[in-house]
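Please read the structure below before turning to the comments.
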Amino acid sequence: MKAKLGMKKVRPWRWIPFTNPARKDGAILHHWRRVADEGKDYPFARFNKTVQVPSYTETDYQQYLHVDGWTRAETDHLFDLCRRFDLRFIVIHDRWDSDTFSKRSVEDLKERYYNVSNLLVKARSSGSAEIKLRVFDSEHERKRKEQLRRLFDRTPEQIEEEQMLINELRKIELRKKEREKKTQDLQKLITAADNNSETRRQERKNTKKKVQHQKTTKPESIVLELTGIKFPDVKNTGVSLRSQRMKLPTSVGQKKTKAIEQLLQELGIDVNPIPTEEICVHFNELRSDMVLLYELKLALANCEFELQAFRHQYEALAPGKRLDLPGASDTLSS
């Protein structure tokens with residue numbers, strides 16, 4: 001940006017003396033200042049803020065402030081330092097006259113100052129006026145500093161061990177959430193299996209009461225549920241083969257299909273039996289139960305794996321101890 005120079009005269013400046021109100025020694029200093037501002041107060045005097053430290057008399061001390069462990073001379077010395085250094089207790093502790101008086105910690109000095117201030121406020125306030133007290137807990141302050149000191153004095157090995165424990169805790173909580181989710185899913189699976197078994201018993205009773213010769217119906221889409229395979233029997237007009245009612249849906253995975261075939265071979269049952277009305281119903285129910293058994297075995301195997309992993313982790317974190325967990329191998333074999 002180009003400077004815009006005018007034809008006006010430059011405001012005059014003068015080297016003039018001034019005094020700083022913050023200083024009590026009456027020192028006279030000099031600085032450059034505009035002539036128009038001559039006679040005004042020093043602009044930085046507004047930053048001269050002082051702390052109001054209460055004062056007391058001999059009568060006040062004898063009536064309200066006398067306590068065991070602190071003498072009048074120590075209290076006077078403390079309040080004199082508080083006025084000189086504006087309640088900067090670190091500096092006050094450094095300037096404390098330990099040769100004349102007993103050694104005091106920073107917390108002791110703070111506690112004595114605030115106790116005296118609160119006692120003076122209570123004594124000088126009227127009954128109707130609101131009293132504002134300053135509370136200082138010296139014991140809490142000591143514990144806080146001790147905890148900070150221990151935290152600061154940690155070795156790199158201790159920091160690494162703490163971080164490792166935090167990571168392990170996160171892993172344990174994550175695995176706990178996964179186990180709870182699997183447990184809920186397994187409980188839903190068992191509840192749904194019980195409900196489905198009761199439904200099949202009722203359908204079997206209704207099927208026996210039906211007439212043997214019924215109109216052929218077109219099979220609708222077969223639904224795969226968590227509790228096995230459901231073969232809905234919906235009556236529709238048209239011509240269809242009864243053997244189509246025994247076909248597994250495409251949503252059944254290849255692993256489950258192989259497992260069904262293997263179980264049928266172990267039981268000595270033909271994979272493709274004659275599709276009579278009764279055989280279709282019972283054969284579909286049998287394969288649905290096989291799928292349910294297959295899913296329950298997978299869920300049980302996952303739970304057993306989680307239990308074993310948890311036991312190994314416990315034994316690794318606590319050497320010499322053994323965690324006995326209920327095994328699921330007997331239930332799985334049965």
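Using a cutoff of 4.0 Å between basic side-chain nitrogens and carboxylate oxygens, E146 and R150 are scored as salt-bridged. Under 4.0 Å is where a charged nitrogen must lie from a carboxylate oxygen, and between K49 and D86 no such pair does.
Among R112, E111, K143, the one residue that satisfies the side chain to side chain donor-acceptor pair (under 3.5 Å) test with S138 is E111.
Summarising the local packing, CZ of F101 is surrounded by more than 12 heavy atoms from other residues, nucleotides or ligands at distances under 6.0 Å. Heavy-atom neighbours of R149 CZ from other residues, nucleotides or ligands within 6.0 Å: above the threshold of 12. More than 12 non-hydrogen atoms from other residues, nucleotides or ligands lie less than 6.0 angstrom from CZ of R154. Other residues, nucleotides and ligands contribute over 12 non-hydrogen atoms within 6.0 Å of the CD atom of E178.
The aromatic rings of H30 and W15 lie parallel to each other, their planes meeting at an angle below 30°, with 60° marking the opposite boundary.
Geometrically, R72 engages Y61 in a cation-pi contact defined by less than 6.0 Å to the ring centre and at most 45° from the axis.
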Using the side chain to side chain donor-acceptor pair (under 3.5 Å) rule, take E162 and Q158 through it: C-alpha gap first, then chi angles, then the decisive distance, then the call. CA-CA 6 Å; E162 181 180 358; Q158 291 175 340; over 6 Å; no
Checking salt bridge (charged side-chain N to carboxylate O under 4.0 Å, His left out) for the pair D108/K103: CA distance, chi angles, key distance, verdict? CA-CA 10 Å; D108 295 335; K103 292 184 178 180; over 6 Å; no
One pair to check against salt bridge (charged side-chain N to carboxylate O under 4.0 Å, His left out): D41 and R46. What are the steps and the verdict? CA-CA 9 Å; D41 295 335; R46 63 180 184 273; over 6 Å; no
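I260 and L263 end up in the same hydrophobic cluster when Ile, Leu, Val, Met, Phe, Trp and Tyr side chains are linked at under 4.5 Å.
For the residue pair Q147 / R144, no side-chain donor-acceptor distance below 3.5 Å is found, with atom types taken as modelled. No hydrogens or angles considered: a donor-acceptor pair under 3.5 Å links the side chains of Q62 and E58.
Ring pair F79/Y56: centre-to-centre distance below 6.0 Å.
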